[in-house]
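Following: one structure in structure tokens, then a few remarks.
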Amino acid sequence: MPQLSLKLKGLVMGSCMAITMSTSMSAVIILQQQGFTEGFLALWLQSTITALPFSFIIGLAFSTFYNKILDRFFFKSK
């Protein structure tokens, strides 16, 4: 299996975080506010697409930030 560069690893990790965060939080908020109604899937999709750009910015920024902190304090190279 090929190894990813650290920058690409951060990009992939941030993207995964963004997609997971956006889809799950949109679903939970809609379920809490309206329940599982007939138009749930359309509303959930619209909400997810609306939140996704913001989630990408936050996911990429914080995954890079946290990876640097974790690498510095917990995963020191030998």
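Note that the structure is predicted; figures quoted are calculated from it, not measured.
In terms of hydrophobic clustering, with Ile, Leu, Val, Met, Phe, Trp and Tyr side chains grouped at heavy-atom distances under 4.5 Å, I49 and I57 are assigned to different clusters.
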Side-chain donor-acceptor pairs under 3.5 Å in residues 29-42, sequence neighbours left out?
none

For residues 13-22, run the donor-acceptor check on the side chains, cut-off 3.5 Å, and write out each pair with its distance to 0.1 Å, sequence neighbours left out.
from : atom 1 : to  : atom 2 : distance (Å)
S15  : OG     : L11 : O      : 2.8
T20  : OG1    : C16 : O      : 2.8
S22  : OG     : T48 : O      : 3.3

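Atom CZ in F56 sits 4.5 Å away from atom CG in L52 (nearest 0.5 Å).
Not a single side chain to side chain donor-acceptor pair (under 3.5 Å) links S55 to another residue, sequence neighbours left out. Applying the side chain to side chain donor-acceptor pair (under 3.5 Å) criterion to T23, with sequence neighbours excluded, gives no partner residue. Taking the side-chain contact (heavy atoms from CB on, under 4.5 Å) definition, one finds that F54 meets it with I58, sequence neighbours left out.
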